[in-house]
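First the structure, in the form of structure tokens, and then the observations on it.
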Amino acid sequence: SNAEKAVLIGEKEADITFVTWGSQKGPILDVIEDLKEEGISANLLYLKMFSPFPTEFVKNVLSSANLVIDVESNYTAQAAQMIKLYTGIDIKNKILKYNGRHMTEDEILKSAKEILNK
């Protein structure tokens with residue numbers, strides 16, 4: 001089932017759709033709460049598995065999303081690359097950190113607002 005491979009956390013309709021995998025999930029869920037207090041709705045497409053890739057589910061979520069932001073703690077934006085490969089959807093906005101440390105809630109929030117405001 002798709003739920004084992006990917007899940008959409010939050011409302012289906014949102015101003016921002018974050019995409020991530022692995023342990024960035026926690027900080028992003030905190031950021032979603034922070035944004036809500038400012039009147040900005042956000043949800044999270046959380047990928048649990050890349051193989052087999054949940055192509056249709058991911059395509060459905062992202063094709064109807066308003067603003068997609070990929071959040072990853074690796075240099076190559078692995079999830080975004082996989083999404084492009086399997087769905088053809090190119091995520092232009094990325095928040096990446098690749099010094100081996102995870103991103104903080106504040107870093108993600110600040111970057112997301114910069115992307116939203118441009």
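Worth knowing before you read on, the calculation uses all heavy atoms, side chains too, and leaves out hydrogens, waters and symmetry mates.
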Does any part of the side chain of [Y], heavy atoms only, come nearer than 4.5 Å to the side chain of [X], both counted from C-beta?
X: Thr20; Y: Leu44; result: yes
X: Asn43; Y: Lys12; result: no
X: Leu47; Y: Val7; result: no
X: Ile91; Y: Leu62; result: yes
X: Val31; Y: Lys113; result: no
X: Val19; Y: Val61; result: no
X: Ile32; Y: Asp30; result: no
X: Asn93; Y: Val68; result: no

Q | Over 12 foreign heavy atoms within 6.0 Å of NZ, Lys84 | A | no
Q) Do Asn74 and Thr76 have side-chain atoms, one donor and one acceptor, less than 3.5 Å apart? A)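 Looking only at side-chain atoms, Thr76 and Asn74 do form a donor-acceptor pair, the distance falling under 3.5 Å.
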Q) Can a donor-acceptor pair be found between the side chains of Ser111 and Glu114 at a distance below 3.5 Å? A)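 On atom types as modelled, these side chains do not qualify, holding no pair under 3.5 Å.
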If you round to the nearest 0.5 Å, how far is [atom2] of [Y] from [atom1] of [X]?
X: Trp21; Y: Ile83; atom1: CH2; atom2: CD1; result: 12.0 Å
X: Ile16; Y: Ile28; atom1: CD1; atom2: CD1; result: 11.0 Å
X: Glu13; Y: Thr17; atom1: CD; atom2: OG1; result: 9.0 Å
X: Leu8; Y: Phe18; atom1: CG; atom2: CZ; result: 13.0 Å
X: Lys48; Y: Tyr46; atom1: NZ; atom2: OH; result: 8.0 Å

Are the charged groups of [X] and [Y] less than 4.0 angstrom apart, N to O?
X: Lys92; Y: Asp90; result: yes
X: Lys94; Y: Asp70; result: no
X: Lys97; Y: Glu72; result: no

Q. Do Ile69 and Ile108 sit in the same hydrophobic cluster, where Ile, Leu, Val, Met, Phe, Trp and Tyr count as joined when their side-chain heavy atoms come under 4.5 Å apart?
A.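 Ile69 clusters together with Ile108.
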Q.
For a quick test of reading the model, state the closest non-hydrogen atom pair linking Ser41 to Ala14 and the distance between them.
A. OG-CA, 3.4 Å
Q: Using the six-membered ring wherever Trp is involved, compare the ring planes of Phe53 and Tyr86 and label them parallel, tilted or perpendicular (cut-offs 30° and 60°).
A: parallel
